[in-house]
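Have a look at the structure below, then the notes.
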Amino acid sequence: MKPFTFLYFILSVVLYLVALPLLVYLSFKHKYTESIPARFFLFKNSRFKSSDGVWFHVCSLGEARALKPILDLLKDQDIKITTITHTGQAQARRYDAEVRYLPYEMFLPFWAKKQRVLVVLEAEFWFMLFSVLRAKGTRIILLNARISEKSAKKYLQFAWFYKKMFSSVEMIYAQSQADKNRFLALGAKNIEVIGNIKLAAEIKKTKEYKKPKGELIVAGSTHEGEEESVLKSFVEYKKQSDAKLAVVPRHPERFEAVYELMKRYAHKNSLTLSRFSQDSEFDSDLILVDVMGELNNIYAISDIAILGGAFRDDVGGHNPLEPAYFGCKIITGKHFFHQRELFKYVHHVQYVESDEIHRALMACKELPPSMVEEKIDLKPVIERIVKN
């Protein structure tokens with residue numbers, strides 16, 4: 001182990017010991033009952049069985065979904081996938097692959113097995129992962145790589161560190177020219193702009209639902225604080241329109257809290273309220289979609305999509321391709337920095353603050369549906385992954 005890598009390893013051990021009480025506490029939280037024990041205590045998180053495969057590392061649900069068109073082109077390969085979050089893990093387990101949680105960095109020298117290639121998506125930059133795998137003879141590729149404008153300023157303060165990290169990387173496929181420039185500023189080499197691989201994803205519905213009478217508005221992938229803004233705006237909009245609102249929280253552990261919030265609005269404004277898990281209908285004024293995997297099916301019958309994750313300044317937005325594919329008129333916030341590249345390809349979107357949602361709903365009557373026109377070629381990526 002090189003001197004700097006050894007020092008980094010020692011630091012990771014010290015940080016682990018300091019954080020240990022908090023990790024034990026968080027492991028009892030519903031959101032982390034699987035991921036923290038697996039990542040920080042290696043509980044039910046064994047090493048991969050073989051050592052000559054293609055290892056993909058992703059963070060969460062969106063990146064795990066983005067793997068599908070690539071994996072469809074790699075059907076004859078021995079695929080491994082690691083994730084960080086529980087939702088990413090659940091999606092990864094749908095593929096024909098060995099799936100694990102990525103352990104905390106201090107475990108990687110002992111846990112990680114050499115593979116033919118490691119493909120890391122988006123902004124999952126882990127120094128020990130790169131150093132250990134490269135030392136074991138694994139080729140490393142960054143795919144769909146991005147550095148947001150907000151993150152770039154912080155990264156540049158430690159440019160020497162990132163230059164050292166990226167020196168282990170064989171090829172970087174960046175989402176945009178701006179991302180390429182940021183990688184170059186950090187000392188990275190061998191960078192090619194190919195666009196966002198999420199453009200290659202097949203978007204489809206898995207069930208057919210009956211469209212209700214009047215307008216159906218779906219608030220998709222919402223986060224704490226966003227549902228209230230949507231509900232306030234919908235109550236006002238409802239006075240001029242025969243509309244219904246389906247709310248789909250991003251995280252399932254928030255279903256109950258969102259239901260209580262919707263119950264208060266329903267009671268105060270004499271609106272009907274239902275839970276989708278109980279009847280799978282859209283007959284009520286307000287519907288809480290408290291099941292996973294239904295968002296595309298609901299976009300398919302919706303007129304307007306209020307896309308969450310961008311009305312707060314700490315999330316970065318969510319994928320607009322799915323509502324656009326189904327022709328929804330999209331309203332979203334202005335803080336979509338993690339999805340900026342995807343929004344470049346989506347036309348007719350309203351970007352508003354949380355207190356402007358009602359105005360945007362009223363403007364929808366005069367606007368065309370959103371749409372996506374671009375595509376991406378995965379061929380050079382596949383050729384790079386499978387080369388010997």
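We're numbering straight along the sequence, starting at 1. All of these numbers come straight from a predicted model, not from anything done at the bench.
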Taking Arg312 for its side chain and Glu224 for its backbone only, find out whether a donor-acceptor pair lies under 3.5 Å. yes
Might you confirm whether atom CG of Asp314 has over 12 heavy atoms from other residues, nucleotides or ligands at distances under 6.0 Å? yes
Could you tell me which non-hydrogen atom of Cys328 sits nearest to which non-hydrogen atom of Tyr299, and how far apart they are? SG-O, 3.3 Å
Should Tyr162 and Leu7 be counted in the same cluster of Ile, Leu, Val, Met, Phe, Trp and Tyr side chains packed under 4.5 Å apart? no
Any side-chain heavy atom of Glu122 within less than 4.5 Å of one from Gln175? yes
Step-by-step side-chain contact (heavy atoms from CB on, under 4.5 Å) determination, Ile81 to Leu71: CA-CA 11 Å; Ile81 304 173; Leu71 297 183; 4.1 Å; yes
Side-chain donor/acceptor of Thr85 to backbone N/O of Gly88, under 3.5 Å: yes
Are Thr138 and Gln115 linked by a side-chain donor-acceptor pair shorter than 3.5 Å? no
Just checking Glu356: does its CD atom have more than 12 heavy atoms from other residues, nucleotides or ligands closer to it than 6.0 angstrom? yes
For Ala219 and Val230, the nearest pair of non-hydrogen atoms, with its separation, is CB-CG1, 4.0 Å
Are any non-hydrogen side-chain atoms of Ile203 and Val372 less than 4.5 angstrom apart? no
Correct closest heavy-atom pair for Ala300 and Lys205 would be CB-CD, 3.8 Å
With distance as the sole test, does Arg182 use its side chain to make a donor-acceptor pair with the main-chain N or O of Ala152 at under 3.5 Å? no
Got more than 12 heavy atoms from elsewhere within 6.0 Å of NZ, Lys365? yes
Quick one: CG on Asn269 to NZ on Lys239, what's the gap to the nearest 0.5 Å? 7.5 Å
Taking NZ in Lys232 as the centre, count heavy atoms belonging to other residues, nucleotides or ligands within less than 6.0 Å. Is the count above 12? no
Between Glu226 and Phe311, is there a donor-acceptor pair closer than 3.5 Å when you use the side chain of the first and the backbone of the second? yes
Do Glu228 and Tyr265 get their side chains close enough for a donor-acceptor pair, meaning under 3.5 Å? yes
Salt bridge (Lys or Arg N to Asp or Glu O under 4.0 Å) between Arg254 and Glu227, worked out: CA-CA 11 Å; Arg254 298 190 56 246; Glu227 292 94 1; 2.8 Å; yes
In this structure, CD of Glu202 is separated from CG of Asp72 (nearest 0.5 Å) by 8.0 Å
Report yes if some heavy atom in the side chain of Asp96 is under 4.5 Å from a heavy atom in the side chain of Ile79; otherwise report no. no
Counting the benzene-type ring for Trp, do Phe276 and Tyr209 have ring centres under 6.0 Å apart? yes
Pairs satisfying salt bridge (Lys or Arg N to Asp or Glu O under 4.0 Å), at least one member in residues 278-306, at least two apart: Lys207-Glu294, Lys211-Asp303, Lys238-Asp285, Arg275-Asp290
Counting C-beta onward and ignoring hydrogens, is there a side-chain heavy-atom pair between Pro323 and Leu295 closer than 4.5 Å? no
Closer than 4.0 angstrom, basic N to acidic O: yes or no for Asp377 and Lys379? no
If we check ring-ring contact (aromatic ring centres under 6.0 Å, His included) with Trp160, which of these qualifies: Phe4, Phe166, Tyr155? Phe4
Ignoring hydrogens and geometry, is there a side-chain-to-backbone donor-acceptor pair from Glu192 to Tyr173 under 3.5 Å? no
Has Arg116 got a side-chain atom pairing as donor or acceptor with Val54's backbone, closer than 3.5 angstrom? no
Any side-chain heavy atom of Glu260 sitting closer than 4.5 Å to one from Lys263? yes
Donor-acceptor pair, distance only, cut-off 3.5 Å: does the side chain of Ser370 make one with the backbone of His348? yes
Shortest non-hydrogen contact from Val248 to Val218? CG2-CG2, 3.9 Å
With side-chain contact (heavy atoms from CB on, under 4.5 Å) as the criterion, how do Glu124 and Val58 come out once you've worked through the C-alpha distance, each side chain's angles and the decisive distance to 0.1 Å? CA-CA 7 Å; Glu124 284 292 287; Val58 301; over 6 Å; no
To the nearest 0.5 Å, atom CD1 of Ile172 lies from atom CD1 of Ile147 at 7.5 Å
With a sphere of 6.0 Å drawn around NZ of Lys204, does it hold more than 12 non-hydrogen atoms of other residues, nucleotides or ligands? no
Non-neighbouring partners of His338 that pass side chain to side chain donor-acceptor pair (under 3.5 Å), sequence neighbours left out: Arg146
Is a donor on one side and an acceptor on the other found under 3.5 Å between the side chain of Lys68 and the backbone of Ala201? no
Pair Arg384 + Glu170, salt bridge at N-O below 4.0 Å: yes
Of all heavy-atom pairs linking Gln350 and Ala360, the shortest is NE2-O, 3.0 Å
Polar side chain donor-acceptor pair, Ser241 to Glu215, under 3.5 angstrom: yes
Can a donor-acceptor pair be found between the side chains of Ser50 and Lys80 at a distance below 3.5 Å? yes
Separation between CG of Leu143 and CD1 of Ile197, rounded to the nearest 0.5 Å: 4.5 Å
Compare every heavy atom of Asn45 with every heavy atom of Pro103, then report the nearest pair and how far apart it is. CG-ND2, 3.8 Å
Can the ring centres of Phe48 and Trp111 be said to be less than 6.0 Å apart? yes
Does the distance from a Lys or Arg side-chain N to an Asp or Glu carboxylate O, for Arg340 and Glu149, drop under 4.0 Å? no
Please verify the inter-ring angle class for Phe40 with Tyr16; under 30° counts as parallel, over 60° as perpendicular, anything in between as tilted. parallel
Does the ring center of His223 lie less than 6.0 Å from the ring center of His318? yes
If we ignore angles and hydrogens, is there a donor and acceptor under 3.5 Å between the side chains of His86 and Ser35? no
Reported CG-to-CD1 distance for the pair Leu216 and Ile298, which is rounded to 0.5 angstrom: 8.0 Å
Donor-acceptor under 3.5 Å (Ser27 side chain, Pro37 main chain): no
Is a salt bridge present between Arg93 and Glu34, judged by a nitrogen-to-oxygen distance below 4.0 Å? yes
Is the closest side-chain donor-acceptor distance between Asn296 and Thr206 under 3.5 Å? no
Could you check Tyr104 against Ser12 for side-chain contact (heavy atoms from CB on, under 4.5 Å), going step by step and ending with a plain yes or no? CA-CA 9 Å; Tyr104 174 63; Ser12 72; 3.5 Å; yes
Is Thr5 close to Phe127 at the side-chain level, that is, under 4.5 Å between some pair of heavy atoms? yes
Derivation and outcome, side-chain contact (heavy atoms from CB on, under 4.5 Å), residues Phe41 and Val24: CA-CA 10 Å; Phe41 302 100; Val24 172; 4.1 Å; yes
Heavy-atom donor-acceptor pair, Glu253 side chain to His30 backbone, under 3.5 Å: no
Leu26 side chain reached by Lys31 side chain, heavy atoms, under 4.5 Å: no
Report yes or no: do His358 and Glu236 form a side-chain donor-acceptor pair below 3.5 Å? no
Any side-chain heavy-atom pair from Phe282 and Ile301 closer than 4.5 angstrom? yes
